[in-house]
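To keep things clear, I will list the structure first and then write my remarks on it.
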Amino acid sequence: LVAFLTLLLSASPIVPAFAEAPRPAVAQVGGIAQDKEARIHFRLENALSPEMVESLKSGIEITFRISVEVERIHRNWFDVTIGEMKYKQSIRYDVLSRVYRLRYTGGDEILPDLKSALDRMTRFHVTVPVDTEVTRGKRYRAGVQVRLDRAGLSEPLRSIVFFSSVWDVETEWAHGP
């Protein structure tokens, strides 16, 4: 019996029971700068854990706070921030009407099901005003960081999430053209 268990354990890789979940990240940052504005788009990956999705389905509102910066790239010199914006996007399941309500700076959307709500909650399109006229042929880049607004959660959940890494959602800065 001992020889069989030794063979079994040596033949199969041991996977830790508490494998670390993938970190939330901003991906596919892109956009276009024109006149005195920059239109930036990006996706948020690995941000909504199964626990967060279950809370959302129970009617808990989930809000992300987004920071976006637009920089003018200078060769052999310091890059200059020419525009920045703080942005907020939240989603909540309306139990009575059985729809998801997405709210963001500049508008609202009604989404019919969980799949479309999760897709739309992690896909962003932001317009950032810039300080100077955009010059054709010059290089610009966008920087984006996203974090969960834990202070905006309902009171019973707020006191729990500060001790739970499941609700610790904050990305590194991501950059794109």
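Residue numbers start at 1 and run along the sequence shown. Basis for what follows: all heavy atoms, side chains included, without hydrogens, waters or symmetry-related copies.
Under a 3.5 Å cut-off, the side chain of Asp35 and the backbone N or O of Glu37 do not form any donor-acceptor pair. In this structure, the side chain of Glu61 does not engage the main chain of Arg92 through any donor-acceptor pair within 3.5 Å. Looking only at distances, no side-chain donor or acceptor of Thr135 sits under 3.5 Å from a matching main-chain atom of Lys138. One N or O on the side chain of Asp79 and one on the backbone of His74 form a donor-acceptor pair closer than 3.5 Å. Remark: the backbone N or O of Asp131 is paired with a side-chain donor or acceptor of Lys36 at under 3.5 angstrom.
To the nearest 0.5 Å, the span separating CD1 on Ile60 from CD on Glu51 amounts to 14.0 Å. Distance check: Leu111 CG to Arg120 CZ gives 7.5 Å after rounding to the nearest 0.5 Å. Atom CD of Gln145 is separated from atom OG1 of Thr171 by 5.0 Å, given to the nearest 0.5 angstrom.
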Open item on the list: Is there a side chain to side chain donor-acceptor pair (under 3.5 Å) between Asp119 and Ser116? Walk through the geometry before answering.
Closed with: CA-CA 5 Å; Asp119 176 63; Ser116 60; over 6 Å; no
Task: Test log, rule side chain to side chain donor-acceptor pair (under 3.5 Å), inputs Thr105 and Lys88 - done: CA-CA 6 Å; Thr105 306; Lys88 191 166 131 178; over 6 Å; no
Open item on the list: Does Leu114 form a side-chain contact (heavy atoms from CB on, under 4.5 Å) with Val53? I'd like the steps, not just the answer.
Closed with: CA-CA 9 Å; Leu114 180 62; Val53 173; 3.9 Å; yes
Open item on the list: Pair Leu48, Phe64 - check side-chain contact (heavy atoms from CB on, under 4.5 Å), show working.
Closed with: CA-CA 11 Å; Leu48 296 168; Phe64 288 119; 3.9 Å; yes
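When all heavy atoms of Ala174 and Val29 are compared, the closest pair comes out as CB-CG2, 4.1 Å. The minimum heavy-atom distance between Glu133 and Tyr140, with the atom names listed, is O-OH, 4.4 Å. Nearest heavy atom pair, residue Met121 against residue Ile62, reads CE-O, 3.4 Å. Annotation for Glu109 and Tyr104: closest pair OE2-OH, 3.2 Å, computed over non-hydrogen atoms. Heavy-atom minimum distance, Ile66 versus Phe42: CG2-CZ, 3.6 Å. Between Val169 and Ala47 the shortest heavy-atom distance is CG2-O, 3.5 Å.
Thr81 is not listed as a side-chain neighbour of Val70, based on a closest heavy-atom distance of 4.5 Å or more. Counting heavy atoms from C-beta on, the side chains of Lys115 and Tyr100 never come closer than 4.5 Å. In this structure the side chain of Arg141 never reaches within 4.5 angstrom of the side chain of Pro177, judged on heavy atoms.
Counting heavy-atom neighbours within 6.0 Å of Arg123 CZ, excluding the residue itself, gives a total above 12. Around atom CZ of Arg43, more than 12 heavy atoms belonging to other residues, nucleotides or ligands sit under 6.0 Å away.
Cluster membership for Ile110 and Val95, using ILVMFWY side-chain heavy atoms within less than 4.5 angstrom, is not shared.
Applying the side-chain contact (heavy atoms from CB on, under 4.5 Å) test between Tyr87 and each of Val128, Val146, Val126 identifies Val126 as the sole match. When the options Gln89, His41, Gln28 are evaluated for a side-chain contact (heavy atoms from CB on, under 4.5 Å) with Phe124, the one that passes is Gln89.
With salt bridges taken as basic N to acidic carboxylate O contacts below 4.0 Å, one links Asp149 and Arg65.
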